[in-house]
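Notes to accompany the following structure.
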Number of protein chains: 2
Amino acid sequence: MNEKPADTKSSILSIARNLMRQLGYNAFSYADIARKLDIKNAAIHYHYPAKADLLADVMETYISEYQQLGKQLAAANLDPCQKLQQYIAKYSVLTSQDSICIIGSVASDYNTLPESVKAKVAQLINLVIGMVEKTLQEGKEEGVFRFPEPPRVRALLIMTNLAAGVQLARISGKADFVAIEKAIVDQLIK
Amino acid sequence: MNEKPADTKSSILSIARNLMRQLGYNAFSYADIARKLDIKNAAIHYHYPAKADLLADVMETYISEYQQLGKQLAAANLDPCQKLQQYIAKYSVLTSQDSICIIGSVASDYNTLPESVKAKVAQLINLVIGMVEKTLQEGKEEGVFRFPEPPRVRALLIMTNLAAGVQLARISGKADFVAIEKAIVDQLIK
DNA sequence: TCATATGCTTACTTATCAGTAAGTAAGCAA
DNA sequence: TTGCTTACTTACTGATAAGTAAGCATATGA
């Protein structure tokens, strides 16, 4: 049991997610995916007629993933600090995978993305900003967090630290990311 | 007077700089540059045989630009706050140019860069980290800045705020960047 | 004035890209 | 068993990528 169904379409999607974060939108091709799955290029076009369709689906998986994380965090009654740690943890794993976060990936390729995808990018970003903002707000009200800016601005500060932090970590090493990670929390609870 | 020499090689370099920040390494081609200068593709290969050579030269212009900024800031006896503002200003202009910073551009494309260029990327990043760190250190010693982390870590926090801030600004608008910019300074001098 | 170097253009190659058209094997549904 | 669908493969297309080789005009300098 626990066998991977190895459904082709979801395998394509999963590989595309990884390639997006490792190489970026303009640096991976259908051939890369086909090679890994040992299928033909055209098989991918069967599931995703255009590359824009594939990217749109990738974005949608991230949107629902973050929506799920939101509900999950709301259900489990974690304190705001633990919630933030869960969010930070998602970035921490990236540094071990030679990857950057999806938001950073699409943001730096933004001018080259198909128009149909740009809206989904904005949707994902607003979703994540909202989540972080809400957690910060909660923490402030409970007296766990202390910060002078509006929660949204502090959310932007933290998100930019993490997004560019993983980009930096690929070059200068994981230690820099760990230091950033620690400083984010220390700033909030001091 | 003040006529642009319109030297082809430096025009190529200048256009490549802009395309790198607007589109990224994998999304611009020699054809894009040739079109803008109304010359042929092969003319660019005459000056830069391989795309890696062009990118290497782009990186070197940024390295010497930041070295010059460093000397300039050291010569003019500005206070640390003004020095930091000058650095931040370099990012602020990017938001009006549909561009991200060169460091963010090469960082997110890092896995796809030619090996010969990766070293120069690291060199540029270390140079900028060092500059910001030094300014923060000065400010702390003079009592202008107040922050608990080691100066290098605070430099990383500020740089990541700015690098990802301009990436974000392309999507969610300049206002978010302005808020980040303000928060960076407020955090330091409060 | 002849030779050589510079800065291109013309004309190409090879490789890869996204995408398509046609065909097929296997399965399911009536 | 017939007809239709799913999930592909084979075999392309046209466009574009980086890169090259050879030629040619202009300027420079001996």
Side-chain angles (χ1 to χ4, degrees), chain A residues 3-20 22-59 105-106 109-118 120, chain B residues 3-59 105-106 108-118 120:
Chain A
E3 301 253 320
K4 268 278 175 67
D7 154 48
T8 303
K9 186 168 184 175
S10 60
S11 298
I12 292 169
L13 195 57
S14 160
I15 290 169
R17 277 171 61 117
N18 292 336
L19 289 174
M20 270 299 295
Q22 281 166 17
L23 308 178
Y25 182 68
N26 298 294
F28 84 88
S29 70
Y30 274 28
D32 294 325
I33 300 173
R35 211 175 299 122
K36 294 200 187 201
L37 289 176
D38 196 30
I39 58 174
K40 298 297 157 180
N41 211 311
I44 303 171
H45 282 285
Y46 169 77
H47 294 287
Y48 295 104
K51 203 180 173 184
D53 301 322
L54 175 54
L55 183 54
D57 207 1
V58 166
M59 293 311 295
S105 175
V106 292
D109 288 347
Y110 192 72
N111 282 344
T112 74
L113 296 182
E115 282 305 318
S116 58
V117 175
K118 288 186 178 178
K120 289 188 195 291
Chain B
E3 301 252 320
K4 268 280 175 65
D7 153 47
T8 303
K9 186 168 184 175
S10 60
S11 299
I12 292 168
L13 195 57
S14 160
I15 290 170
R17 277 171 61 117
N18 292 336
L19 289 174
M20 270 299 295
R21 289 177 303 179
Q22 281 167 17
L23 307 178
Y25 182 67
N26 298 294
F28 83 89
S29 70
Y30 274 28
D32 295 324
I33 300 173
R35 212 174 299 123
K36 295 200 186 202
L37 289 176
D38 196 29
I39 56 174
K40 300 297 159 180
N41 212 311
I44 303 170
H45 282 285
Y46 169 75
H47 294 287
Y48 295 103
K51 204 179 173 185
D53 301 323
L54 175 54
L55 183 55
D57 207 3
V58 166
M59 294 311 296
S105 175
V106 292
S108 50
D109 288 347
Y110 192 70
N111 282 345
T112 74
L113 296 181
E115 282 305 318
S116 59
V117 174
K118 289 186 176 177
K120 288 188 195 294

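We name chains A, B, ... by the order of the sequence lines, and we start the count at 1 in each one. Computed from heavy atoms alone, side chains included, the values below leave out hydrogens, waters and symmetry copies. Everything quoted here is computed from the prediction, not taken from an experiment.
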Atom pair distance, as rounded to whole Å: CG in A:Leu55 and C1' in C:dC17: 17 Å
Value in whole Å for how far the P atom of D:dG19 lies from CG of B:Leu54: 10 Å
Min side-chain heavy-atom separation B:Ile15-B:Phe28 under 4.5 Å: no
Stacked cation flag B:Lys9 on B:Tyr46, 6.0 angstrom / 45 deg: no
Presence of A:Ser29 side-chain N/O under 4.0 Å of C:dC17 phosphate oxygens OP1/OP2: yes
B:Lys51 NZ - D:dT20 P separation (whole Å): 15 Å
Rounded interatomic separation in angstrom, taking CG from B:Asp32 and C1' from D:dA15: 14 Å
Spacing between B:Asp53 atom CG and D:dT20 atom C1', to the nearest angstrom: 14 Å
Between D:dT9 (C1') and A:Tyr46 (OH): distance, integer Å: 13 Å
From D:dT9, C:dT9, C:dC17, nucleotide with atom closest to B:Ile39 side chain: C:dT9
Any A:Tyr30 side-chain nitrogen or oxygen under 4.0 Å from OP1 or OP2 of C:dA18: no
Sugar-phosphate, base or nothing in reach of A:Lys40, heavy atoms under 4.0 Å: base
Spacing between B:Asn41 atom CG and C:dA11 atom P, to the nearest angstrom: 15 Å
Distance (rounded to the nearest 0.5 Å) between A:Arg17 CZ and A:Met59 CE: 10.5 Å
Value rounded to 0.5 Å, distance of CG in A:Leu23 from OG in B:Ser108: 11.5 Å
Touch class at under 4.0 angstrom, heavy-atom based, for A:Tyr48 against every strand present: nothing
Phosphate OP1/OP2 of C:dC8: any B:His47 side-chain N/O under 4.0 Å: yes
Rounded distance in Å - CG (B:Asp7) to C1' (C:dT6): 12 Å
Other residues, nucleotides, ligands: >12 heavy atoms within 6.0 Å of B:Lys118 NZ: yes
Candidates C:dC17, D:dG19, D:dA17 - which lies nearest the side chain of B:His45: D:dG19
Closest listed nucleotide, where the reference is the side chain of A:Ala43 and the choices are D:dA21, D:dT9, C:dC8: D:dT9
Minimum-distance nucleotide to B:Thr8 side chain [options: D:dA17, D:dT20, C:dC8]: C:dC8
